[in-house]
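These notes are about the structure you will find just below.
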Protein chains: 2
Amino acid sequence: MATAKKQTRSRPETIARRREILRAATDIFGSKGSVNGTLTDIADQVGMTHAGILHHFGSKDLLLMEVLTYRDESDVDHLEEKHIPTGIEFFRHLVRTAFSNAQRAGLVQLYAVLSAESVTDDHAARDYFVDRYRNLRQEAIESFELLCAQREVEAPDTVAHAAAAILAVMDGLQIQWLLDPENLLLGEASEFAIEAIVSAVVNPQPSPLREPALETSAE
Amino acid sequence: MATAKKQTRSRPETIARRREILRAATDIFGSKGSVNGTLTDIADQVGMTHAGILHHFGSKDLLLMEVLTYRDESDVDHLEEKHIPTGIEFFRHLVRTAFSNAQRAGLVQLYAVLSAESVTDDHAARDYFVDRYRNLRQEAIESFELLCAQREVEAPDTVAHAAAAILAVMDGLQIQWLLDPENLLLGEASEFAIEAIVSAVVNPQPSPLREPALETSAE
DNA sequence: GAAAACTTACTGACAAGCCGGTAACCTTTC
DNA sequence: GAAAGGTTACCGGCTTGTCAGTAAGTTTTC
């Protein structure tokens, strides 16, 4: 069953054209969601018809998946980092990303909307996001473990929670920031939260929630 | 211009019928999103036609808004708490909510999907979520301030970040949990994160991210 | 207290619009 | 001249919302 792809070469400018479409799709899916955003919306933005888009990408779902992987690539470029670091540098990298995201509302919105959309039944990007979070959590866990080893403390069993929490807080802050940019500093709030969580792993304090409640009358 | 409404009362069972519809709508909007979930889906689930739903609620958008406010009411009932507490109890309340949410995937999904959907242009529920987050952040800020006052420390200027971060981490963990329930304990992870953030406010530690990096070779 | 007058709670059919996808057909470029 | 890069035209399907009509319930009237 040789899937002998004909693989006839495309014209030189078509790569640029595809990139143009991907950028437009990022825009549209970001601002309207992947369900509400239509092929015609995207086509209008690059000055062609929706059939032209389908010629390039086959179907809407395939276009969506390419948008997601395309952003992953251009994302690493953006911060001019060769590869994602580990250890303490991983968390510094997250903080830098948060500050940088405050300048890229379109991309942030794309991911915020799509990741939430993807939890719905049979969403095209569901597998993509399941994998993405698994990988990111794993990287965070490894960074925590490295961090603990460097400090010669045993990695607590909270690292799994902390890894999920760090990603969660970044996503959640993005949504609040998108809804109400005047009332939230994305970079600063992310930095604060990341520091708090890292600190709780490497330097655990007694839980303030378990203390006996201080009476207001005890003043 | 007296719009003298005759206002004959609705039939006794119609209140129960509306509630039935609201519950079905919660289900459908939760599992498919408010864009993908249709009036016919909801109608099927309660055994009527989509026109019947429109008779009760006027339009899809109005139904959506009623779903959101309906859940807010039934939510307080659920935890059997008279009103939301302040101070340390506010944060304990959030932890209880997180544990309780692990039993209510449908409702969690409704909010996760809709809050992210709402950041898209002209979404019906956008104002609802902007207000909701503003109010919740305010409650969190006041609880932090009360907490600091009780400990006779000055409330740091990080409380605003912390307030946003606590809500954010709860939302973000919900999405990861919905995508991959086997790999995430919603209650435990939320508790860990909330403790970490509260601790960072009332008992700030030096930032682990600002330390001079420990060399791995210094082992 | 029963008939008349009126409402409510629907149903079924349909209008209008939009969506993704396909097919057939030009046109530009290698 | 053949393939790539499009366009135009169109289809089938699905969605929200409207509307007329009907059965059942409620209120009013005598």
Side-chain angles (χ1 to χ4, degrees), chain A residues 4-25 28-29 31-67 114 117 120-125, chain B residues 3-25 27-29 31-67 114 117 120-125:
Chain A
K5 280 204 179 176
K6 265 291 182 61
Q7 198 54 299
T8 48
R9 240 203 335 285
S10 52
R11 289 178 208 162
E13 68 270 24
T14 171
I15 298 155
R17 204 92 178 87
R18 279 178 60 99
R19 222 197 303 262
E20 219 182 315
I21 295 170
L22 285 172
R23 227 170 301 152
I28 295 295
F29 288 154
S31 64
K32 303 182 131 189
S34 80
V35 184
N36 247 349
T38 70
L39 292 177
T40 309
D41 291 337
I42 298 162
D44 286 352
Q45 202 159 314
V46 295
M48 52 160 106
T49 62
H50 85 277
I53 308 265
L54 286 170
H55 168 73
H56 281 288
F57 293 93
S59 80
K60 192 189 182 183
D61 281 354
L62 287 171
L63 170 60
L64 174 60
M65 292 313 296
E66 280 216 48
V67 165
L114 290 188
E117 242 182 24
T120 59
D121 308 337
D122 300 323
H123 194 280
Chain B
T3 20
K5 279 204 177 175
K6 263 295 179 58
Q7 194 57 298
T8 51
R9 246 203 327 285
S10 55
R11 289 179 207 162
E13 69 270 23
T14 167
I15 297 156
R17 206 90 178 86
R18 279 177 60 99
R19 222 197 305 261
E20 219 182 316
I21 295 171
L22 285 171
R23 228 170 302 149
D27 233 58
I28 297 294
F29 289 155
S31 63
K32 304 183 131 191
S34 77
V35 184
N36 246 350
T38 70
L39 294 177
T40 309
D41 292 337
I42 298 162
D44 287 352
Q45 202 159 316
V46 296
M48 50 161 106
T49 62
H50 84 278
I53 308 263
L54 286 171
H55 166 74
H56 280 289
F57 293 93
S59 78
K60 192 187 182 184
D61 282 353
L62 286 171
L63 171 61
L64 174 59
M65 292 311 297
E66 279 217 48
V67 165
L114 290 188
E117 241 180 38
T120 58
D121 307 339
D122 301 322
H123 194 280

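All values below come from the heavy atoms of this structure, side chains included, with hydrogens, waters and symmetry mates left out. Quick note on labels: first sequence line is chain A, next is B, and so on, each numbered from 1.
- Closest-nucleotide positions on DNA chain D for Ser34(B) and Ile21(A) were compared, and the one nearer the 5' end corresponds to Ile21(A).
- With distances taken from any side-chain atom of Thr49(B) to the nucleotides dG12(C), dT16(D), dG20(C), the minimum falls on dG12(C).
- Of the possible polar contacts, none joining the Asp44(A) side chain to the Asp41(A) backbone as a donor-acceptor pair under 3.5 Å is found.
- Separating the CD1 atom of Ile28(B) from the C1' atom of dC14(D) is a distance of 16 Å, rounded to the nearest angstrom.
- For the pair Glu20(B) CD and dA9(C) P, the computed distance is 14 Å after rounding to whole Å.
- Atom-to-atom, CG of Leu63(A) to P of dG20(C) comes out at 10 Å; the value is rounded to the nearest Å.
- Residues Lys60(A) and Leu39(A) approach most closely at CG-CD2, 4.0 Å, considering heavy atoms.
- The distance from atom CE of Met48(B) to atom P of dT8(C) is 16 Å, rounded to the nearest whole Å.
- In this structure, the nucleotide among dG6(D), dT18(D), dG17(D) sitting nearest to the side chain of Ala51(B) is dT18(D).
- In this structure, Glu117(B) contributes its side chain and Ser34(B) its backbone to a donor-acceptor pair below 3.5 Å.
- Between the CG atom of Asp41(A) and the C1' atom of dC19(C) there is a distance of 11 Å, given to the nearest Å.
- One N or O on the side chain of Ser59(B) and one on the backbone of Leu62(B) form a donor-acceptor pair closer than 3.5 Å.
- For His50(B), taking side-chain heavy atoms from C-beta onward, the closest of the listed nucleotides dG17(D), dC10(C), dG21(C) is dG17(D).
- In this structure, the nucleotide among dG17(D), dG21(C), dC10(C) sitting nearest to the side chain of Arg17(B) is dC10(C).
- Atoms CG (Leu64(B)) and C1' (dT16(D)) sit 14 Å apart, rounded to a whole Å.
- Between the P atom of dG20(C) and the CG atom of Asp61(A) lies a distance of 10 Å, rounded to the nearest Å.
- Side-chain contact between Arg19(B) and Ile15(B) is present, with at least one heavy-atom pair separated by less than 4.5 Å.
- Contacts of His56(B) with the nucleic acid, taken as non-hydrogen atoms under 4.0 Å apart, involve only primed sugar atoms and P, OP1 or OP2.
- Among the heavy atoms of the strands lying under 4.0 Å from Leu54(B) is at least one base atom, whether or not backbone atoms are also near.
- Ile53(B) has its CD1 atom 14 Å from the P atom of dG12(C), to the nearest Å.
- Side-chain proximity of His55(B) to dT8(C), dG20(C), dG17(D): nearest is dT8(C).
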